[in-house]
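Because the structure is a prediction, the values reported are computed rather than measured. Only heavy atoms go into these numbers, but all of them, side chains included; no hydrogens, no water, no symmetry mates. All chains are named by letter (A, B, ...) in the order of the sequence lines, taking the proteins before the strands, and each is independently numbered beginning at 1.
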There are 2 protein chains.
Amino acid sequence: MRFHSPSIQYFHAVRRTGSIRAAARVLNVASSAVSRQILKLEQEVGSPLFERNARGLTLTTVGEMLARHVMNVLQDLDRFRSDVASLSGAWSGTVSIACIESLTESVLPDLIASHRGRARRVSFTTEVKGSSDVLESLSRGEADIGIAMALRHPPDLRQVALKRFRLGAVVAREHPLARRKTVTLEQCLAFPVINALPELSIYHLLQPLIAQLSETPEPAIQANSIDLMRELAARGVGVAFQTQLGIGRLSRDSQLVFLPLDNAGSPVWSDLGIYVRAERTLPAYTESFLQELVRELGERERRENAAYPQTQ
Amino acid sequence: MRFHSPSIQYFHAVRRTGSIRAAARVLNVASSAVSRQILKLEQEVGSPLFERNARGLTLTTVGEMLARHVMNVLQDLDRFRSDVASLSGAWSGTVSIACIESLTESVLPDLIASHRGRARRVSFTTEVKGSSDVLESLSRGEADIGIAMALRHPPDLRQVALKRFRLGAVVAREHPLARRKTVTLEQCLAFPVINALPELSIYHLLQPLIAQLSETPEPAIQANSIDLMRELAARGVGVAFQTQLGIGRLSRDSQLVFLPLDNAGSPVWSDLGIYVRAERTLPAYTESFLQELVRELGERERRENAAYPQTQ
DNA sequence: ATAGCCGTTGCCGAAACGGCAGCAACATGT
DNA sequence: ACATGTTGCTGCCGTTTCGGCAACGGCTAT
């Protein structure tokens with residue numbers, strides 16, 4: 001089932017590894033073979049594809065164009081393979097997901113477990129990273145489905161869905177704020193606060209609002225792990241901020257309380273986007289999981305908005 | 001610049017020609033070479049790609065899947081080529097258009113002439129056919145852009161735009177109806193009528209409406225050429241029906257009059273769709289022309305609706 | 001039956017591919 | 001400054017693959 005020129009495969013490997021010898025190791029061939037294929041490719045295109053640095057290869061502009069084409073070819077080949085396989089009833093393949101941390105607590109594990117219950121032959125690879133890294137992984141073809149904060153996305157990605165969740169304060173049930181239904185930022189800042197570091201998107205959501213306030217918040221804890229922040233909040237250390245997506249279980253055990261944030265009377269939204277490479281048709285098994293993901297996030301969005309109704 | 005396996009190219013040629021020997025003639029190679037590549041391909045996929053009939057080859061289900069993949073690959077290769085070429089300033093390529101007859105009178109020639117005035121190196125191939133044939137040409141990868149009546153389109157096509165134009169009666173300026181502003185179907189059927197044959201979409205637009213009427217229309221002329229129907233109307237032979245798109249010039253010379261059709265108080269719409277293959281990114285020069293086409297049709301739709309305002 | 005077209009198959013020369021070993025260029029560590 | 005490791009590249013050569021030629025059997029139309 002390998003009916004594409006070695007040049008294509010070799011080029012792809014070199015692009016990923018950034019080195020001819022490394023690519024040769026991955027491909028189980030001699031480095032000279034790889035080198036020659038790249039040279040031949042450059043001759044046929046009529047322009048160098050890589051810049052030869054002392055410590056490896058970097059794509060030129062033309063190289064990036066070819067990389068895009070090769071990625072389209074190989075990803076579509078995957079889809080073709082899965083189409084043929086599904087014809088003989090075998091639904092197998094790997095779904096590769098890149099997502100931000102908010103999903104790891106309940107959404108993703110629930111979905112994957114449920115999906116694997118029905119389709120045993122489909123395996124998963126998930127990688128948790130920052131929003132911009134998620135998008136980059138998708139662009140580089142290292143992931144099939146990406147879930148990230150809905151910022152501006154590059155044109156080679158397609159936003160499959162956009163779901164908004166309320167940002168809220170998370171406190172232990174013994175916290176003085178815990179009895180309220182909603183809180184304002186000012187009310188939270190009267191207490192010790194667990195701040196997100198700039199690598200987390202929560203930081204970029206809250207910072208502008210905090211900057212608008214006259215008060216300077218009292219010294220607080222800063223962290224770059226949503227998990228850690230949640231656990232700190234559960235121990236009564238302070239007030240953390242995140243969407244309700246991440247506190248499903250702890251909230252059930254009644255250790256944590258989620259209080260939707262009110263900013264001048266209107267909610268603070270955290271927009272979650274689901275992304276896919278635009279120039280690509282997904283394999284059937286990936287498309288199937290994607291649909292479930294969109295449906296599930298839509299369901300959570302609906303439930304949450306029903307639980308905390310508001311204007312706007 | 002041919003860095004894809006010969007298998008791919010050969011398979012594509014065989015699919016298009018429907019025969020190995022014919023493909024070999026097109027490819028300027030021996031038929032044995034083509035035969036062997038196909039056999040190798042089938043062995044690698046693990047399933048026959050063609051059914052060997054006495055008079056040539058037909059795709060199997062798996063073969064159609066591979067054809068889809070190969071088409072994606074080759075079309076994306078075209079795009080890559082044009083991307084590289086545009087990097088060195090040379091904007092050249094061929095835009096292949098399949099469209100229905102309504103466009104040939106003014107829209108398409110105007111657009112192509114104007115576009116070539118600005119981009120000399122871009123050439124055009126246009127093929128006029130029925131709506132369903134237009135869509136099929138697109139699906140088979142024989143055209144880049146398709147313009148057809150907006151019926152249900154297959155899922156492998158993407159509807160880039162949908163423009164609606166009023167269907168109207170076309171009569172010579174000496175015709176008794178020519179002084180009216182609008183006409184009803186009943187009023188038209190009182191005169192000799194130039195009917196469209198079922199191969200034209202106008203037939204399918206008008207037939208249901210005519211069937212609703214109690215009167216049986218008087219014997220009339222039937223034709224399958226919009227051009228012919230228009231010329232007949234200009235000679236006072238009868239009342240023809242079409243959108244205003246097709247009578248730009250004659251209307252300017254004041255030989256023909258366009259009378260928007262009223263059916264029980266509401267207009268009769270003719271929906272025009274612009275289509276491209278969904279699993280494809282167009283080359284820059286094709287995309288550019290597509291944008292102009294959409295803009296121009298939108299402009300005509302707007303102008304027409306301004307000239308003949310109505311409710312709904 | 002005959003002629004014509006179809007796809008397939010041996011056979012063989014030509015072209016492409018890959019492995020091995022060695023080269024110069026550069027970075028790193030002592 | 002020197003040694004070491006890594007990088008990409010290049011002859012050389014055996015292996016694999018590819019393509020052209022001719023021939024074969026199967027089929028259709030005349």
Undergrad: Does anything in residues 120-143 of chain B form a salt bridge (charged side-chain N to carboxylate O under 4.0 Å, His left out)? List the pairs, not counting sequence neighbours.
TA: Glu127(B)-Lys129(B), Arg140(B)-Glu142(B)
Undergrad: Check side chain to side chain donor-acceptor pair (under 3.5 Å) between Thr58(B) and all other residues, then give those that pass, not counting sequence neighbours.
TA: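 Residues passing side chain to side chain donor-acceptor pair (under 3.5 Å) with Thr58(B): Asn53(B).
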Undergrad: By a strict heavy-atom criterion of less than 4.0 Å, which residues belonging to residues 37-62 of chain A are in contact with DNA chain D?
TA: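 By residue number: Leu39(A), Arg52(A), Leu57(A).
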Undergrad: Under 3.5 Å, which donor-acceptor pairs do the side chains of residues 37-48 of chain B form with other protein atoms, sequence neighbours left out?
TA:
unit_1	atom_1	unit_2	atom_2	d
Gln37(B)	OE1	Ser7(B)	OG	3.4
Glu42(B)	OE1	Arg52(B)	NH1	3.4
Glu42(B)	OE1	Arg52(B)	NH2	3.1
Glu42(B)	OE2	Leu49(B)	N	2.8
Glu42(B)	OE2	Phe50(B)	N	3.3
Glu42(B)	OE2	Arg52(B)	NH1	2.7

Undergrad: Given side-chain contact (heavy atoms from CB on, under 4.5 Å), test Asp144(B) with Ile97(B) step by step and report yes or no.
TA: CA-CA 6 Å; Asp144(B) 302 322; Ile97(B) 304 169; over 6 Å; no
Undergrad: Can you check whether Ser31(A) has a side-chain N or O nearer than 4.0 Å to OP1 or OP2 of dG8(D)?
TA: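 False: Ser31(A) side-chain N/O out of range (4.0 Å or more) of dG8(D) OP1/OP2.
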Undergrad: Which residue pairs pass the side-chain hydrogen bond (donor to acceptor under 3.5 Å, both in side chains) test with at least one member in residues 84-97 of chain A, sequence neighbours excluded?
TA: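 Pairs touching residues 84-97 of chain A that pass the test: Thr94(A)-Ser123(A).
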Undergrad: Please round to 10 degrees the angle between the axis of the first five pairs and the axis of the last five pairs in the helix from dA1(C)-dT30(D) to dT30(C)-dA1(D).
TA: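 Answer rounded to 10°: the end axes differ by 30°.
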Undergrad: How would you list, by chain and number, every residue that makes a ring-ring contact (aromatic ring centres under 6.0 Å, His included) with Phe80(B), sequence neighbours excluded?
TA: His69(A)
Undergrad: Near DNA chain C, which residues from residues 20-30 of chain B have a heavy atom under 4.0 Å away?
TA: Ile20(B), Arg21(B), Arg25(B)
Undergrad: With a cut-off of less than 4.0 Å, is there a side-chain N or O of Ser35(A) near OP1 or OP2 of dC9(D)?
TA: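 Result: yes.
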Undergrad: Distance under 4.0 Å to a non-hydrogen atom of chain A counts as contact; along DNA chain C, which nucleotides mark the start and end?
TA: dC17(C) to dA27(C)
Undergrad: Write out all pairs satisfying salt bridge (charged side-chain N to carboxylate O under 4.0 Å, His left out) with one or both partners inside residues 82-104 of chain A, taking only residues at least two apart or from two chains.
TA: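 Pairs touching residues 82-104 of chain A that pass the test: Arg79(A)-Asp83(A), Asp83(A)-Arg68(B).
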Undergrad: If only atom types and distance count, is the side chain of Thr17(A) paired as donor or acceptor with the main-chain N or O of Ala13(A) below 3.5 Å?
TA: yes
Undergrad: Go through the structure and list residues passing ring-ring contact (aromatic ring centres under 6.0 Å, His included) with Tyr203(A), not counting sequence neighbours.
TA: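 Expected list: none.
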Undergrad: Between Arg116(B) (side chain only) and Val122(B) (backbone N and O only), is there a donor and an acceptor less than 3.5 Å apart?
TA: yes
Undergrad: State which residues pass ring-ring contact (aromatic ring centres under 6.0 Å, His included) with His115(B); sequence neighbours excluded, sorted by chain then number.
TA: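 Listed in chain order: Phe124(B), Phe289(B).
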